[in-house]
Amino acid sequence: MTVKNSLTPLEAQITRIEEMTSIEKLFYLKLIDLNTVKEFHYTPGQFLEVSIPGVGEAPISICDVQREHGRLQLCIRKVGRVTNAIHRLKKGDRLWIRGPYGNGFPMNLMENHDLLLIAGGLGIAPLRSVLQYALLHRNSYGSITVMYGVKCYSMMLFREEFLKLFREGDKLNVKFLLAYEDSDDFQCYQLSCERSDRCMSGLVTKLIESTAITPDNTYAVVCGPPIMYKFVVKELTQRGFTPAQIYMTMERRMKCGVGKCGHCITGSSNSIKYVCKDGPVFTYWDALKTRGLM
Amino acid sequence: MTKTLIIDELTRVEGHGGITVIIDGERVKDVKMNIFEGPRFFESIIKTVYYDKVPDIMRRICAICTASHSLASIRAIEHAFNLQVSDQTQILRDLLIHGETIESHALHVFLLALPDYLGYPDALKMASEHFNTVKAALELKKAGNIIHNILSGREVHGMNERVGGFSKLPSERKLENIREEMLKVKRTAELSVEMLAQTEPPLNINSKNIFMALNPGEKYGFIGDEILISDGSAHHINDYLKIVKEHTVNYSTAKISTYKNQPFMVGALARILLNRNKLEGTAKSMFKKYHTLIREVNPLSNNLAQAIELVHSVERAASLVDELLGRGLREERLPSVNIKDARGVGAVEAPRGILYHDYTFDKSGCIVQCNVITPTAQNIANIEKNYREVVEALIHEEDDKIKFNLELISRAYDPCISCSTHVIRVKN
Amino acid sequence: MYKKLFKEDLEQFTSTLKQFGSIYGPVKKTSRGCEFTELTDFKDLQLNYTRTMIPPKKFFLKPKEPLYSLNKDAGFKEIIDDSKTVLLGVHSCDINALNLLDRVYLNQFPDLHYKTRRENTIIIGVSCEPDDYCFCTSTGSSHALKGFDLFLHEISDSYIVRVGSMKGFQIITQNKHIIKNPSLTDIKEFKEYEAERLSKITLNLNVNGIQDILDLSFDHAVWQENADICFGCGSCNLVCPTCRCYDVIDYLKLDLKNGLKVRRWDSCMLKQHALVAGGLNFRPTRVERLYNRFNCKMSCSEDSLNCVGCGRCTVYCPADINFVEVLKQVRED
Amino acid sequence: MTETENNLKPRIGVFSLTGCAGDQLMILNLEDTLIELLSKFDIKSFQEASSYSENTNLDIAFVEGSVSTEHDLKTLKNIREKSSLLIAIGDCAVNGCVQAMRNKQTSIAERMIDVYGVEDNIYKTFEPKGVGEYVKVDFEIPGCPIEKEEALNALISLLNGDAPLIPDYPVCVECKLNGYPCVIIEEGKPCLGPIITAGCDARCPGLGLDCVGCRGPIKGETNAKAELEALRKRGYADKYIINRLRFFAGNFDDIQILGVKENSKGDK
Ligand SMILES: Cc1cc2nc3c(=O)[nH]c(=O)nc-3n(C[C@H](O)[C@H](O)[C@H](O)COP(=O)(O)OP(=O)(O)OC[C@H]3O[C@@H](n4cnc5c(N)ncnc54)[C@H](O)[C@@H]3O)c2cc1C
Ligand code: SF4
Ligand code: SF4
Ligand code: SF4
């Protein structure tokens with residue numbers, strides 16, 4: 001029986017692996033089937049369901065901007081069955097993907113606005129695609145501020161890339177700020193000596209407190225561990241951001257990615273949301289309306 | 001000079017046991033089969049349990065003889081409450097116990113004992129040179145398990161056999177499955193007899209043994225209410241306590257079972273010797289052909305007796321299926337039980353020999369007193385007697401050789417130590 | 001379009017359905033009632049039944065079904081069950097529930113397994129035998145407007161047959177010799193029978209504005225009271241005709257190369273339903289899960305509730321948690 | 001087979017403490033795949049199946065049986081020390097199984113008297129517990145006995161380098177997936193399915209029987225009080241229900257509590 005099933009995973013090859021931290025690796029993938037390559041478009045904030053046959057599937061955000069057709073990058077933390085199995089793979093190995101799924105960030109809507117990107121830990125992965133997109137279409141966006149909270153230097157993702165931005169971002173009108181939790185971390189301390197206004201010890205919220213941001217004409221984009229949202233949103237609303245100006249991407253258990261398996265359903269009877277298809281990107285306004293989303 | 005031979009852990013047996021032998025010069029001072037299986041106190045924990053789930057707990061005394069335990073338990077309950085079961089139930093129970101025998105004997109004969117005869121540490125190593133034999137043996141074992149699975153609901157600790165009958169009847173198609181399986185493995189069962197008959201037993205001893213087995217009725221089988229003894233006497237199972245005496249003897253500190261102060265033997269060899277005239281078909285002719293090899297004085301003959309039972313059970317299972325299908329399966333509801341304060345004894349020939357369950361209930365149907373005697377507990381005295389004989393005969397040999405032969409003896413009995421809830425050593 | 005079929009012709013009618021696939025219908029299985037079972041003998045068919053435990057969703061979203069055969073080198077190959085099936089004797093509530101499932105499974109990303117099963121199945125509805133647990137009039141699902149090929153409305157000696165699809169029309173045409181047109185008296189009887197059926201549905205749940213009430217009653221004591229006696233066993237979800245959560249599991253064979261991707265029904269009452277890596281659970285307690293389930297059922301998708309009032313979750317809850325009762329307590333009316 | 005091939009295989013041992021050896025037997029009951037399966041491991045110890053045994057470091061140790069004696073405990077600690085992964089197989093090793101049903105209810109001395117007529121704790125027996133009470137357990141495969149398919153899948157997962165998948169939902173789920181009539185609802189039978197870990201494919205309800213709970217209550221999710229209530233409502237006496245809840249859950253706090261309370265009630 002020849003049927004085309006849009007939910008059947010596609011074959012992809014790993015063209016490169018970068019070890020980023022002790023638990024995170026960056027995977028460069030290339031789709032194998034040329035026919036699907038042409039149809040494969042993704043926007044920042046969308047995610048894939050990544051399969052290892054015989055082990056299972058996991059939703060993973062695409063962490064770069066689409067440049068070449070059929071190529072993409074995933075930053076994956078090993079935490080369980082599937083992600084461990086992915087981490088066992090080597091360059092040249094194959095895995096299977098389907099997607100892209102989810103709404104992604106409203107890059108068009110945000111055009112001609114300043115961007116404030118706030119990320120904690122692995123949350124930088126989807127935001128990196130937003131950043132890359134904005135840099136790729138540099139003239140369509142205003143100033144860009146990135147606030148990134150890490151545990152310590154060794155847990156910082158995309159280190160080289162971001163250190164370059166940290167030092168030379170101003171040329172691109174990008175302000176890159178770093179907060180680190182481990183106050184004894186020597187390398188981070190050196191960075192804070194280098195630019196005390198751009199790197200400080202503490203949580204990511206500290207960066208918001210100590211930076212001048214004007215909410216007018218700005219969109220805030222947030223991603224990080226669930227507890228981070230509450231504090232960040234509090235800071236932002238105090239600064240005058242309206243709930244519609246704050247975008248965030250959410251995580252839930254997912255088995256399908258397309259609004260069928262029911263695991264990511266959140267809310268109360270007045271507003272039910274599927275994180276996979278109504279999100280994973282939501283505004284703070286959505287979160288206010290939908291019980292339990294945040 | 002005294003020396004002590006110790007086998008820490010018997011392998012290829014069910015449960016945990018070891019052997020200690022103390023030799024004083026030319027004399028065997030003490031032999032012990034050590035049981036370090038922790039006691040599980042089934043007779044105690046079962047107290048106050050309502051009769052309906054008693055078999056579900058008690059069958060967990062043992063994995064390999066789980067059906068024997070549950071049927072002994074069920075029969076004890078039925079005897080206490082005067083419950084009659086239908087012919088159909090009896091046939092199904094027979095079939096179930098044949099399944100258990102096939103599974104257990106196939107495992108023991110081929111995978112646990114035969115490696116001794118052929119000189120391998122285990123069946124897997126044996127498989128490298130006798131691949132087809134091991135594969136066939138596994139199929140035979142599986143055939144037994146299929147019966148068990150279909151009738152009991154699972155290979156180990158099934159649940160379908162209940163007080164009064166079966167919860168759910170097997171479908172006709174499944175029964176036919178059983179028959180097909182039996183035909184498929186018949187040849188392997190026969191092979192087990194031939195292989196053992198053609199290989200000189202690795203040990204030959206001369207020991208005077210007393211045998212005990214249940215009287216299965218007209219056909220060779222494993223369920224009965226009468227105990228037959230090789231001295232010619234017969235007794236009702238209700239009198240089992242008068243026959244199987246548990247007491248202390250002077251050469252050991254063990255509380256062990258004896259009959260008239262003598263150790264005795266239960267199991268396949270006892271059954272074959274006491275019920276030989278009930279064998280039928282291929283098993284009967286094979287018994288005739290090899291009966292000289294089945295020596296009452298050598299407990300290793302137990303293996304050959306098991307093999308012949310394998311042949312018998314495979315054939316008998318197929319004919320029981322025919323009988324069931326011939327009569328047509330009837331849907332029967334489990335009968336209601338009139339509980340009362342009463343005592344009941346149930347006995348079944350487990351693969352390793354007679355198994356007794358003895359319960360006393362209060363008027364609300366809950367257990368107040370329970371006693372279980374497993375075949376291995378009964379055999380221990382005889383096993384130790386054999387140890388002594390072997391060590392005496394080999395007293396000048398290397399320790400390793402003595403140890404090897406002690407293990408051979410143990411394994412010949414197919415001991416099921418996990419079963420032996422009743423065996424205990426009282427320290428000096 | 002309405003036709004008429006005499007009850008005495010039903011057997012013959014049923015036999016002509018065989019060409020459309022294996023026929024499944026309600027067959028008595030337990031003291032409580034019937035289950036959809038393959039009809040090997042017409043005599044087993046029991047059209048006047050109250051409810052099955054497992055709803056007909058089991059034919060479309062199977063309790064356990066292999067989705068793909070998988071191979072580490074070659075990837076995934078769909079396993080599609082395209083066998084043809086006729087479901088005879090489906091009630092309105094269950095038809096409405098299937099229509100709800102369609103919205104989920106046939107939307108932007110259609111589920112091929114579901115879709116194939118749906119396309120290969122003929123649904124013949126039948127009027128129901130309500131009992132004290134039915135409240136479909138409250139949920140607006142006492143009548144099926146679409147989602148069936150034929151619907152048999154029972155009257156005294158015959159059925160008024162409503163034709164719901166082209167396939168249904170084809171069946172009618174093929175059975176021309178036994179299919180009649182309803183007479184005026186038939187129509188009168190139809191009205192009486194319908195009124196009688198509706199009058200038996202006495203349980204009433206006021207769903208108007210229930211969404212606001214639920215949203216505002218997050219802290220209501222009734223949730224904790226019921227969570228205390230709830231097992232979190234998931235039965236309520238699994239028997240619900242509109243619940244459709246599933247889990248997917250990959251199985252590998254011993255060769256470590258080939259395997260199966262299998263899906264099975266899941267339930268939001270189970271502990272791991274909202275658990276993510278690292279041990280974070282978005283609904284860690286039974287109260288939250290219970291609240292979530294009631295909210296999900298009472299939420300609206302495209303203006304219809306996610307509950308069709310079939311009463312199953314109440315009947316089959318081992319803790320005797322009564323769905324309507326709980327909502328009434330929340331409503332406090 | 002060459003040495004190097006053997007070196008790549010996971011070194012495993014199968015050990016048993018106090019129990020019925022049924023879980024080892026269930027592995028041996030995988031007749032169809034047994035030879036292939038065992039050939040994928042480098043078996044260093046398998047007491048029931050082999051005389052060969054090596055006291056060496058292991059990649060994976062499978063332990064069945066409960067810890068009931070000092071001997072058990074010593075063996076267990078030794079196994080833990082030399083094994084990278086320790087997997088408890090079977091209800092004995094996971095929860096203590098039926099021999100634990102009287103824990104905190106009757107003393108060992110009482111049990112000794114009942115069975116052997118002496119009070120002395122000759123065996124240095126203590127209340128049977130699962131191995132997790134004493135050492136770190138990496139995975140648990142529940143069941144009395146373990147389900148062979150589940151065990152096979154767990155072994156395959158381990159061979160593939162993955163964590164085994166063990167259900168953490170109740171038997172009711174599998175009962176419903178199979179469409180078995182619910183024996184509580186239809187017949188008022190005292191089924192423990194709502195609180196017992198699934199994985200058996202609802203064997204008992206499939207045979208028309210009430211689940212006796214052989215796979216043990218679901219850890220952290222067992223509503224024992226609700227079960228007590230549900231069965232009371234159906235006419236069962238407390239003594240009956242509590243005995244039954246204890247069969248495979250003698251070590252569960254919330255079930256022990258039920259027992260204690262009811263006993264003291266009975267005393268009055
Ligand atoms: C929209 C989205 C984007 C994500 N992006 C990334 C990313 O870029 N990089 C990254 O490392 N991780 C990301 N995650 C988290 C990642 O999906 C989980 O870490 C992963 O599913 C864990 O799977 P596992 O099999 O390794 O873990 P296990 O704990 O063994 O999980 C078993 C199963 O549970 C489910 N599950 C467990 N945790 C999660 C979870 N957090 N989210 C969804 N399902 C879960 C999955 O279905 C999985 O198959 C994202 C999650 C979501 C929802
Ligand atoms: S069926 Fe009842 S006990 Fe089970 S989860 Fe649903 S509400 Fe709770
Ligand atoms: S029979 Fe038992 S396991 Fe099955 S649904 Fe009912 S309560 Fe649950
Ligand atoms: S239903 Fe319960 S008792 Fe029966 S096999 Fe399953 S877990 Fe064990």
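Convention: sequence-line order gives letters A, B, ...; per-chain numbering from 1.
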Against chain C, label [X] side chain, backbone, both or neither, depending on which of its atoms sit under 4.5 Å from a heavy atom there.
X: A/R252; answer: both
X: A/L95; answer: neither
X: A/I272; answer: side chain
X: A/P226; answer: side chain

> Within the distance-only criterion (no hydrogens, no angle test), does the side chain of C/R117 pair as donor or acceptor with the backbone N or O of C/F60 below 3.5 angstrom?
Replying inline: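 No; zero donor-acceptor contacts below 3.5 Å.
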>> For the backbone of A/D286 and the side chain of A/T283, can you confirm whether one donor and one acceptor N or O come within less than 3.5 Å of each other?
In response: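 Yes: the side chain of A/T283 pairs with the backbone of A/D286.
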Top contributor to chain A contacts, counting heavy-atom pairs under 4.5 Å, from [options]:
options: C/L67, C/L260, C/D73, C/L101; answer: C/D73
options: C/M298, C/R244, C/K77; answer: C/R244
options: C/N292, C/I213, C/D111; answer: C/D111

Contact between [X] and [Y] at the side-chain level, heavy atoms closer than 4.5 Å - yes or no?
X: A/I17; Y: A/Y28; answer: no
X: C/L327; Y: C/F294; answer: yes
X: A/C256; Y: A/Y101; answer: no

> For A/K151, does the NZ atom sit with more than 12 other heavy atoms under 6.0 Å from it, leaving out its own atoms?
Replying inline: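 Not buried by this count: 12 neighbours or fewer within 6.0 Å.
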Need one label for [X]: side chain, backbone, both or neither, based on atoms under 4.5 Å from any heavy atom in chain A.
X: C/Y105; answer: both
X: C/Y114; answer: neither
X: C/N258; answer: neither
X: C/Q272; answer: both
X: C/R263; answer: neither
X: C/K297; answer: neither

> Of all of A/A58, A/C261, A/G54, which one pairs up most often with chain C through heavy atoms under 4.5 Å apart?
Replying inline: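 The residue among A/A58, A/C261, A/G54 with the greatest pair count is A/C261.
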> Is there a donor in the side chain of C/S267 and an acceptor in the side chain of C/N237, or the other way round, less than 3.5 Å apart?
Replying inline: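 Result is yes, a qualifying pair exists.
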> So, are A/E18 and A/R16 salt-bridged, with charged N and O less than 4.0 Å apart?
Replying inline: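 Looking at A/R16 together with A/E18, the answer is yes, because their closest N to O distance falls below 4.0 Å.
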>> Tell me which one of C/D247, C/D250, C/D266 satisfies salt bridge (charged side-chain N to carboxylate O under 4.0 Å, His left out) with A/K255.
In response: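 Result: among C/D247, C/D250, C/D266, C/D247 is the only option passing the salt bridge (charged side-chain N to carboxylate O under 4.0 Å, His left out) with A/K255.
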